[in-house]
Amino acid sequence: MFLNRRNFIRNTGVLLGSTLMPYSYLLANSSQKPLGICLVGLGTYSTTILAPALQFTKYCKLTGIVTGTPSKIPIWQKRYGIKDTNIYDYETMHQIADNSDIDVIYIVLPTGLHATYAIKAANAGKHVWCEKPMAKTETECKAIIEACNKNKVKLSIGYRMQHEPNTQQIIKWAMSKPYGAIKTVYAEIGYNVTNPGNTWRMNAKLGGGTMYDLGVYALNASRYTTGEEPISVTARQMTTRPELFTETDETTHFTLEFPSGAIAHGKTSIGDNMHRLHADCKNGWYNLQPFSMYSGVKGKTSDNILLDIYIENQQAQQMDDDALSIINNRPVMVPGEEGMRDIRIVEAIYKAAKSKAKVLL
Ligand code: NAD
């Protein structure tokens with residue numbers, strides 16, 4: 001019989017106090033004017049997830065857009081009441097520097113374009129939110145961080161899972177180790193995409209490849225579940241549909257070794273459905289399955305504790321947390337350095353797969 005969360009709190013005290021309260025609600029201030037957010041790139045994630053989620057935030061307001069597709073403008077203006085003066089294209093985006101309605105520029109473009117536009121955003125003097133994966137290379141990540149530092153603006157990477165309460169419990173357990181030393185982590189994310197189409201996700205130059213769009217979830221989870229940085233990686237890549245995957249991989253397996261001796265086995269694919277994070281420890285285990293869906297993240301432990309805290313909207317939580325870091329001038333929860341660590345390892349994974357040899361980190 002599983003314990004429910006209320007019993008878990010009562011019986012263990014693990015979740016007591018503010019530890020798992022959403023960060024934003026701890027710092028709520030009803031008189032705070034929301035920050036003006038400008039979305040760059042009005043593709044699927046902006047249109048179907050982020051813009052609707054912004055309507056649920058307390059500290060953010062969608063005030064601007066940057067788009068290269070004029071036909072989208074009237075639709076977005078009608079839906080969100082965006083002023084004519086707050087609409088830009090990729091060439092005029094630098095003029096946001098003069099726009100006091102916009103505090104934050106959120107980069108939601110193909111991964112291969114993140115660095116160019118995140119740097120433009122920083123140079124406009126606005127805070128930068130950049131979708132995961134942060135960029136294609138460690139060099140690009142460094143350039144984004146430097147531009148934000150130079151312009152004295154904050155940089156947050158859109159790793160929404162780190163704002164999700166059940167995931168935050170896993171992150172805490174990496175430190176407190178209630179089930180003893182963490183021995184083996186399994187982090188697997190994949191979808192069986194029958195027709196991947198001709199999108200940027202299949203284009204190496206624009207940041208395609210499973211380790212970028214999807215694999216970073218498994219990689220980031222391997223790091224936050226162990227609470228350690230890997231010291232080496234081995235990897236292999238394969239495709240069952242070579243006619244479709246001409247530039248990028250279909251499936252990647254990677255194994256990370258950590259200083260404590262813990263091992264993480266990661267897998268990511270767009271040819272196979274999977275969605276689990278599992279930690280085997282010296283005295284038990286715990287998991288989240290699914291571990292990175294937009295909703296319904298839940299899991300359990302070897303002693304029948306359910307991890308099932310519900311939040312209304314992950315992206316609203318993420319954006320409110322990030323807005324409050326700006327409002328209160330506090331460190332952001334997921335800084336550029338965190339995104340860069342993953343991309344450094346992603347590059348090592350591709351190198352390890354190609355060379356079929358262990359790569360030291
Ligand atoms: P998408 O293909 O649906 O949208 C991309 C947008 O970029 C489109 O509006 C397109 O017109 C624009 N664009 C501008 N220049 C382009 C170019 N040269 N080539 C192609 N498109 C160009 O992609 P998406 O699913 O919205 O993903 C955007 C970003 O968001 C990616 O970095 C992705 O990894 C990230 N993402 C994150 C999550 C999450 O859960 N955090 C979910 C989905 C996507």
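Counting convention: from 1, in listed order, for ligands and their atoms alike.
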Do the side-chain N and O atoms of Gln318 and Arg160 include a donor-acceptor pair separated by under 3.5 angstrom?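 Per modelled atom types, Gln318 and Arg160 side chains form no pair under 3.5 Å.
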Does Val153 offer a backbone N or O that forms a donor-acceptor pair with the side chain of Asn151 under 3.5 Å?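 Such a contact is absent between Asn151 side chain and Val153 backbone.
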Taking Thr252 for its side chain and Thr268 for its backbone only, find out whether a donor-acceptor pair lies under 3.5 Å. no
Please report, to 0.1 Å, the donor-acceptor pairs under 3.5 Å made by any side chain of residues 110-122, with sequence neighbours excluded.
from   : atom 1 : to     : atom 2 : distance (Å)
His114 : ND1    : Glu131 : O      : 3.4
His114 : ND1    : Pro133 : O      : 2.9
His114 : ND1    : Met134 : O      : 3.2
His114 : NE2    : Leu109 : O      : 2.6

Pairing of Arg344 and Glu347 as salt bridge, 4.0 angstrom limit: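 Looking at Arg344 and Glu347, the cut-off is not met.
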Under 4.5 Å between any side-chain heavy atoms of Tyr212 and Ile343, yes or no? yes
If the criterion is any heavy atom closer than 4.0 Å to an atom of ligand 1, which residues make the list? Leu42, Gly43, Thr44, Tyr45, Lys72, Tyr90, Val108, Leu109, Pro110, Thr111, Leu113, His114, Glu131, Lys132, Pro133, Gly158, Arg160, Trp200, Arg201, Leu206, Asp213, Tyr217, Tyr294
